[in-house]
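A, B, ... follow the sequence lines: proteins, then strands. Residue 1 opens every chain.
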2 protein chains.
Amino acid sequence: MDNMTARTPNTQKRPFAPIIDRLREAGLRPTRQRLALARLLLEHGQRHITAESLHEEALREGIKVSLATVYNSLHQFTEAGLLHEVVVDPGKSYFDTNTSEHHHFYCPETGEISDIPGNAITLPELPEPPDGYRVGHVDVIIRLQKQGPN
Amino acid sequence: MDNMTARTPNTQKRPFAPIIDRLREAGLRPTRQRLALARLLLEHGQRHITAESLHEEALREGIKVSLATVYNSLHQFTEAGLLHEVVVDPGKSYFDTNTSEHHHFYCPETGEISDIPGNAITLPELPEPPDGYRVGHVDVIIRLQKQGPN
DNA sequence: GTGATTGCAAATCTTTTGCACTAAA
DNA sequence: TTTAGTGCAAAAGATTTGCAATCAC
């Protein structure tokens, strides 16, 4: 039977099915806002965002969503493993759509974050964690300074 | 001549001379508050503090100082190289009295920070920083999770 | 329908700032 | 004196929360 082209009601009506499914798998109802934010994050190719920047981007694209909902969604996505939080600046949270193992360059002067490919840093044997704890996640942050001219 | 005991006016009157000198060298007037905070930080053996915790500690010891001054002092000390800021939690600044090269364990659940001795992690060749930047400081944070019983 | 989700505004928390007052040199 | 430093309270961000309205199922 002919079920592979755009004529199929299913594809017509659910153009974002993969994202909807990812939300569902994460236990999150695919609401209008969550779906729109997830699309911005996961399809739009953007990498390092703040709640503020994602909110602005959403509004620019005509998505009606409140800043509070952006915060909630970012945390829900992070908990679901769709995002990773990058802590480089006290007083501002960055989120990374790249959840694979990798580390970051960060320039405090400009606020820019960029990825260091996972294989560009190989951590040697880690020290033993203190008793009663286990290692969760290892972050390496290389802080950069703008090079003066000359 | 006899200048090695407590009789010397100099030692009598300037029991905190080393700290005063460190402040002076940093271009900071050794005011009552700064001196008291510097003593708490540098002599008291404490390692990882927040503005809030240092303020409480100061008040407990009977040092009259405002929270704003604690913030100011912490940043001045950091700029002067007497402290190092540790960024592990968005929305809270930690300061470390250990300014030698080392990294940190951090438990988000409890907020505890502890040092990893500098030589327990050897970073291999770092990747080249992007054009126009140079490497400032490298932070390695090992995030811990409390181990469930059993 | 019913329970989860949202929006808004208010609340919270950490940190910074403005300015009159105080203290170091 | 004179200038830097301090305290207070207010301001400024960033993030969170409470609750009525709204939406997904």
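For the pair B:H48/B:D115, a side-chain contact is recorded, criterion being any heavy-atom separation below 4.5 Å from C-beta on. The shortest side-chain heavy-atom distance between A:V87 and B:V88 does not fall under the 4.5 Å cut-off. You'll find the side chain of A:I113 stays beyond 4.5 Å of the side chain of A:C107, heavy atoms only. Using a 4.5 Å heavy-atom cutoff, the side chains of A:Q76 and A:E79 are not in contact. Residues B:I116 and B:V140 have side chains not in contact (no heavy-atom distance under 4.5 Å, counting atoms from C-beta outward). Contact of the B:S73 side chain with the B:Q33 side chain is not registered, since no non-hydrogen atoms from C-beta on lie closer than 4.5 Å. Taking the side chain as every heavy atom from C-beta outward, B:E61 and B:H44 approach each other to under 4.5 Å. Using a 4.5 Å cut-off on side-chain heavy atoms (C-beta onward), B:D89 and A:P90 make no contact.
Just one of A:R143, A:E109, A:E112 meets the side-chain hydrogen bond (donor to acceptor under 3.5 Å, both in side chains) condition when paired with B:Y133; it is A:E112.
Applying the side chain to side chain donor-acceptor pair (under 3.5 Å) test to B:S93 and every residue at least two apart in sequence or in another chain returns B:E85.
Within the nucleic acid shown, A:T50 has no heavy atom closer than 4.0 Å to any nucleic acid atom. Residue B:H55 is out of contact with every strand shown, counting any heavy-atom pair closer than 4.0 Å.
Judged as a ring pair (Phe, Tyr, Trp, His ring centres under 6.0 Å), the pairs with a partner in residues 78-102 of chain A (not counting sequence neighbours) are, in order, A:H75-A:F95, A:H84-A:H137, A:H102-A:H104.
As rounded to whole Å, 12 Å separates atom C1' of C:dT15 from atom NZ of B:K92. Look at CD on B:E52: it is 6 Å from P on C:dT14, rounded to the nearest Å. Atom-to-atom, CD of A:Q76 to P of C:dT6 comes out at 7 Å; the value is rounded to the nearest Å.
Using a 4.0 Å cutoff to heavy atoms of chain A, the contacted part of DNA chain D runs 5' to 3' from D:dA14 to D:dC25.
A continuous path of ILVMFWY side-chain contacts below 4.5 Å connects B:L126 to A:L144, so both sit in one hydrophobic cluster.
Map B:Y94 and A:R34 each onto its nearest nucleotide of DNA chain C; the residue landing nearer the 5' end is A:R34.
Under the 3.5 Å distance criterion, with hydrogens and angles disregarded, no donor-acceptor pair is assigned to the side chains of A:Q147 and B:R134.
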Seminar exercise, completed: Readout for nucleotides 20-25 of chain C: B = base within 4.0 Å of protein heavy atom, S = sugar-phosphate only, - = neither; 5' to 3' it is ---SBS
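Inter-axis angle, ends of the helix from C:dG1-D:dC25 to C:dA25-D:dT1, five pairs per end, rounded to 10 degrees: 30°.
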Check: protein-nucleotides 7-11 of chain C nitrogen or oxygen pairs below 3.5 Å:
| residue | atom | partner | partner atom | Å |
| --- | --- | --- | --- | --- |
| C:dG7 | OP1 | A:Q33 | NE2 | 3.0 |
| C:dG7 | OP1 | A:K64 | O | 3.1 |
| C:dG7 | OP2 | A:S66 | N | 3.1 |
| C:dG7 | OP2 | A:S66 | OG | 3.4 |
| C:dG7 | OP2 | A:T69 | OG1 | 2.6 |

